[in-house]
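What follows is a set of notes on a single structure, which appears directly below.
Below, all heavy atoms of this structure are taken into account, side chains as well, without hydrogens, waters or symmetry copies.
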Amino acid sequence: MPIAPPPPEVEVLIVHPPRLPALGGEAVFAVQQLDADDLKSAPRLDVALKRAPGVSLFRRTGSDAANPTIQGISLRGVAPSGAGRALVTLDGAPQNDPFGGWVIWSALPPEGLESVTIVRGAGAGAYGAGALTGVIALEERGTAQGVSALDLSLAQRGGARAAVAMGTSGLLVTASAETSDGYVPVRGGRGAADAPTTLDSGSFAVRAQGERDGIVGALRLGVYEERRGAGLVGANSTASGGSAALTVARIVDGGGWRLQAWARSSDLANTSAAVAAGRVATTPASDQYSTPALGYGFNAAWQGRGETFSWEVGGDVRFADGHAYERFRYMAGAFTRGRESGGTTAVGGVYAEGVLDRGDWLVTGGARIDAWRQRDAVRRERDLATGAVSLNQTSPNTSGTTPTARFGARRRLGDAGWLRGAAYAGFRAPTLNELHRPFRVGNDVTEANPTLTPEKLYGVEVGLGGDGPTRWSATVFYNRLDDPITNVTVGAGPGTFPVAGFIPAGGVLRQRRNAGQIEAWGLEADIAHTFGDLTLNGALSATRAEVDGGTAAPQLTGKRPAQTPEYTVTAGADWKAGERLTLSANLRFESERFEDDLNSRKLAASVGVDARAAWRLTPDSEVYLAAENLTDARIEVGETGDGTESFAAPRTVRIGFSLRR
């Protein structure tokens with residue numbers, strides 16, 4: 001009987017988005033790479049990112065419970081903010097919200113990503129405005145036939161999540177949906193005012209691409225929506241939006257070019273509530289029922305590559321237009337005032353960057369210059385019953401130019417060691433949210449400021465490390481942030497203030513201001529080693545930051561910036577405990593941080609542990625049992641003027657199925 005021939009081998013064709021290869025100079029800076037395994041073990045992208053040293057989520061709150069307006073991310077403990085001081089890109093297109101600068105993490109499911117590159121330190125060069133404390137560069141996964149990534153899970157408190165990435169050689173579809181009944185952030189002193197932080201979110205994106213005569217083109221379209229409960233009765237939010245990016249590139253051995261046009265639209269509805277004494281009830285405080293915004297831009301790059309020297313020149317421009325519409329001043333069972341506030345911003349620049357690779361030496365340098373503009377500011381308030389205008393405030397248009405640069409060198413030491421040094425400058429223009437939108441959290445009110453100017457960061461760092469069986473690195477840095485945009489306390493309730501109106505007892509009035517400068521000295525270190533089937537890793541971030549409020553905010557001089565921990569330690573273990581069983585755990589310790597600019601509200605130090613056990617079904621799939629905050633630690637994320645504390649999620653156990661190809 002003849003033996004049947006083996007089945008023919010089928011070549012799997014994976015088509016990646018059109019992007020120019022990195023010049024190779026990033027190695028002189030503090031860079032960390034997250035691969036598919038790192039992303040697979042985290043239920044949300046922000047959870048994976050916070051395991052990296054120096055990554056700060058505002059108010060310690062993850063995207064499972066954070067209001068959209070505080071989903072900002074920053075690198076290094078210079079001064080985290082709700083807007084975020086790091087630029088997030090997806091294959092070159094900015095992902096920061098056009099109105100507020102925050103990132104809607106539910107719109108970026110890890111299943112749709114291939115890798116993440118974290119560059120700490122101001123990112124001039126190709127990254128430009130917004131890369132103040134660094135860059136988080138996301139790369140979308142390549143397309144392949146069928147389902148390439150899938151995650152299905154159920155969790156405590158009504159939690160459920162589904163996400164998939166699938167397509168063909170020229171098409172990638174990514175979709176996700178998540179729901180949760182949430183948890184009540186306030187534990188001690190809880191009252192009728194408190195409610196769960198519920199979540200319902202969904203996202204969908206499609207990328208189609210093709211090639212002709214060596215030119216690759218791709219069109220990516222995406223939409224998202226998330227609805228949240230904020231933890232108080234009557235306080236809720238809805239964030240929605242869409243994005244489009246058209247990229248055309250030609251990539252050859254000697255370099256190439258890329259052109260990209262992108263647009264992002266967003267809308268935010270946000271209701272806030274005042275809390276009665278004893279937390280016995282809430283009263284509507286404001287209804288920001290719509291915040292439509294549109295951001296759009298273009299970028300271009302031309303690259304040349306040689307055996308020892310490579311270069312890139314290019315430019316980019318970004319525009320944003322947005323307004324906030326709000327009802328406020330709740331009296332006799334109804335809102336009595338209406339408000340419209342908003343304006344437009346623009347920033348654009350050109351850059352040139354080069355990399356010299358001479359064996360043991362890697363040297364890179366680049367410079368750029370940007371022009372920025374803020375105009376058409378408006379703040380108009382009126383009586384809802386009569387239509388009479390009670391406030392009509394305009395501000396002069398402002399503009400300027402800002403030069404930035406970055407330089408660095410890395411020297412190979414023996415077979416596995418290296419020494420590097422870098423200096424850099426970056427800037428971030430204020431967002432429309434910071435310029436124009438006042439907001440309220442409980443009884444605390446923060447006023448906007450249309451006269452804000454860009455904040456600028458200057459820094460130097462030196463690093464030493466090794467790439468052998470034990471991978472390790474240590475970096476010391478100094479950063480100076482000039483004109484930081486800070487929420488400055490200007491009054492306390494009870495009392496009535498110009499423009500802001502009445503502030504109740506226990507509440508404070510703050511205004512966003514450019515407050516002097518912040519100096520930060522720091523150490524970052526990480527280490528990883530594999531012992532057979534066991535891999536251990538650890539990281540430390542230690543930052544001493546201090547404010548000099550200058551004449552704008554002298555009361556802040558000598559204080560630590562709000563939301564800035566002095567120490568962060570992360571540790572992880574991955575153990576292949578058997579042929580099919582894998583166990584992993586991640587720990588994060590964070591020292592105390594202050595909730596406010598005056599350092600009067602202290603958030604206690606915290607330790608959180610996440611754990612995961614996975615049983616492999618096939619080479620590509622597994623079932624898993626995971627627990628976030630395994631020890632059910634009390635991780636404090638907020639404190640009100642009357643001392644009421646709120647906390648991150650309690651222990652959450654999740655069971656699921658995962659597939660990655």
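Counting only distance, with no hydrogens or angles, the side chain of R544 and the backbone of A520 share no donor-acceptor pair below 3.5 Å. N629 contributes a side-chain N or O that, together with a main-chain N or O of A649, makes up a donor-acceptor pair within less than 3.5 Å. At least one donor-acceptor pair under 3.5 Å links the side chain of Q288 to the backbone N or O of P438. Remark: side-chain polar atoms of S395 are not paired, donor with acceptor, to backbone N or O of A377 under 3.5 angstrom. Formation of a donor-acceptor pair under 3.5 Å by the T238 side chain with backbone atoms of R227 is not found in this model. Formation of a donor-acceptor pair under 3.5 Å by the R428 side chain with backbone atoms of A86 is not found in this model. Within the 3.5 Å criterion, the main-chain N or O of S541 finds no donor-acceptor partner in the side chain of T543. Put simply, the side chain of T197 gets close to the backbone of Y183: a donor and an acceptor are under 3.5 Å apart. Using modelled atom types, no side-chain atom of D383 and backbone atom of G387 make a donor-acceptor pair closer than 3.5 Å. The backbone N or O of A193 sits nowhere less than 3.5 Å from a side-chain atom of T282 that would complete a donor-acceptor pair.
Here E340 pairs with R380 in a salt bridge; the nearest charged N to carboxylate O distance falls below 4.0 Å. For R593 and E636, the salt-bridge test fails: no basic side-chain N is under 4.0 Å from an acidic carboxylate O. A salt bridge links R44 with E628: the closest approach of a Lys/Arg side-chain nitrogen to an acidic carboxylate oxygen falls below 4.0 angstrom. A salt bridge between E639 and R601 is absent, with no side-chain N of the basic residue lying under 4.0 Å from a carboxylate O of the acidic one. Using a cut-off of 4.0 Å between Lys/Arg side-chain N and Asp/Glu carboxylate O, R161 and D151 are scored as salt-bridged. Contact check on E546 versus K559 returns no salt bridge, with no Lys/Arg side-chain nitrogen under 4.0 Å from an Asp/Glu carboxylate oxygen. A salt bridge links E447 and R379; the closest N-O separation between the charged side-chain nitrogens and carboxylate oxygens is under 4.0 Å.
Using a 4.5 Å heavy-atom cutoff, the side chains of P98 and S266 are in contact. Using a 4.5 Å heavy-atom cutoff, the side chains of S286 and R337 are not in contact. Taking the side chain as every heavy atom from C-beta outward, V186 and E645 never approach each other to under 4.5 Å. Residues S203 and P109 have side chains in contact (heavy-atom distance under 4.5 Å, counting atoms from C-beta outward). The closest side-chain heavy-atom distance from I118 to L49 is below 4.5 Å. Contact annotation: the side chain of W105 approaches that of I73 to within less than 4.5 Å [non-hydrogen atoms, C-beta and beyond]. Side-chain contact between Y624 and S153 is present, with heavy atoms from C-beta onward closer than 4.5 Å. L587 is listed as a side-chain neighbour of V607, based on a closest heavy-atom distance under 4.5 Å.
For the residue pair Q517 and E455, no side-chain donor N or O sits within less than 3.5 Å of a side-chain acceptor on the partner. A donor atom on one side chain and an acceptor atom on the other are found under 3.5 Å apart for S290 and D267. Side-chain atoms of T179 and D200 include a donor-acceptor pair closer than 3.5 Å. Side chains of E590 and S606: no donor on one and acceptor on the other come within 3.5 Å. One side chain, N270 or N67, offers a donor N or O that lies under 3.5 Å from an acceptor on the other. Side-chain atoms of T133 and S74 form no donor-acceptor pair, as typed in the model, at a separation below 3.5 Å.
Note that the OG1 atom of T271 and the CZ atom of R327 stand 11.0 Å from one another [nearest 0.5 Å]. Expressed to the nearest 0.5 Å, how far OG1 of T486 lies from CD of E434 amounts to 9.5 Å. Atom CG of L113 is separated from atom CG of L90 by 6.5 Å, given to the nearest 0.5 angstrom. Summarising the geometry, atom OG belonging to S390 is positioned 10.0 Å from atom CZ belonging to R382; distances are rounded to the nearest 0.5 Å. Put simply, CZ on R588 and CG on N586 are 11.0 Å apart, with the number rounded to the nearest 0.5 Å. The line from CG of L435 to CG of N433 is 9.0 Å long, rounded to the nearest 0.5 Å.
Of all non-hydrogen atoms in L232 and A195, the two that sit nearest each other are C-CB, 3.9 Å. The two residues L630 and R651 have their closest heavy-atom pair at O-NH1, 2.9 Å. Residues Q555 and T489 share a closest heavy-atom pair of NE2-O, 3.4 Å. Nearest heavy atoms, A285 versus A274: CB-N, 3.8 Å. Here the closest non-hydrogen pair linking G100 and T431 is O-CG2, 3.5 Å. Contact detail for A605 and F589: the closest heavy-atom pair is CB-CE1, 4.1 Å.
Within a 6.0 Å sphere centred on CZ of R157, other residues, nucleotides and ligands contribute more than 12 heavy atoms. Within 6.0 Å of the OH atom in Y567, the count of heavy atoms belonging to other residues, nucleotides or ligands does not exceed 12. More than 12 non-hydrogen atoms from other residues, nucleotides or ligands lie less than 6.0 angstrom from CZ of R187.
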message: Assess the residue pair T336 and L384 against the criterion (side chain to side chain contact (heavy atoms under 4.5 Å, CB included)); give the C-alpha distance rounded to whole Å, side-chain angles, the decisive distance to 0.1 Å, and a yes or no.
response: CA-CA 5 Å; T336 61; L384 292 178; 5.8 Å; no
- prompt: Could you go step by step and tell me if R560 and E566 meet the side chain to side chain contact (heavy atoms under 4.5 Å, CB included) rule?
  reply: CA-CA 9 Å; R560 191 192 307 171; E566 197 163 357; 3.4 Å; yes
- prompt: Under the side chain to side chain contact (heavy atoms under 4.5 Å, CB included) criterion, do L108 and V103 qualify, and how do the steps go?
  reply: CA-CA 9 Å; L108 296 167; V103 180; 3.9 Å; yes
- prompt: Passes salt bridge (Lys or Arg N to Asp or Glu O under 4.0 Å), D97 versus R264? Steps please.
  reply: CA-CA 8 Å; D97 184 86; R264 296 188 65 84; over 6 Å; no
field: Test log, rule side chain to side chain contact (heavy atoms under 4.5 Å, CB included), inputs T451 and N514
entry: CA-CA 9 Å; T451 66; N514 292 106; over 6 Å; no
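Geometric assessment of R634 against the ring of F647 yields a positive cation-pi assignment under the 6.0 Å and 45° thresholds. In this structure, R339 forms a cation-pi arrangement with F328, its terminal cationic atom sitting closer than 6.0 Å to the ring centre and no more than 45° off the ring axis.
Residue R513 is tested with N487, V488, I485, D483 for a side-chain contact (heavy atoms from CB on, under 4.5 Å); the sole match is V488.
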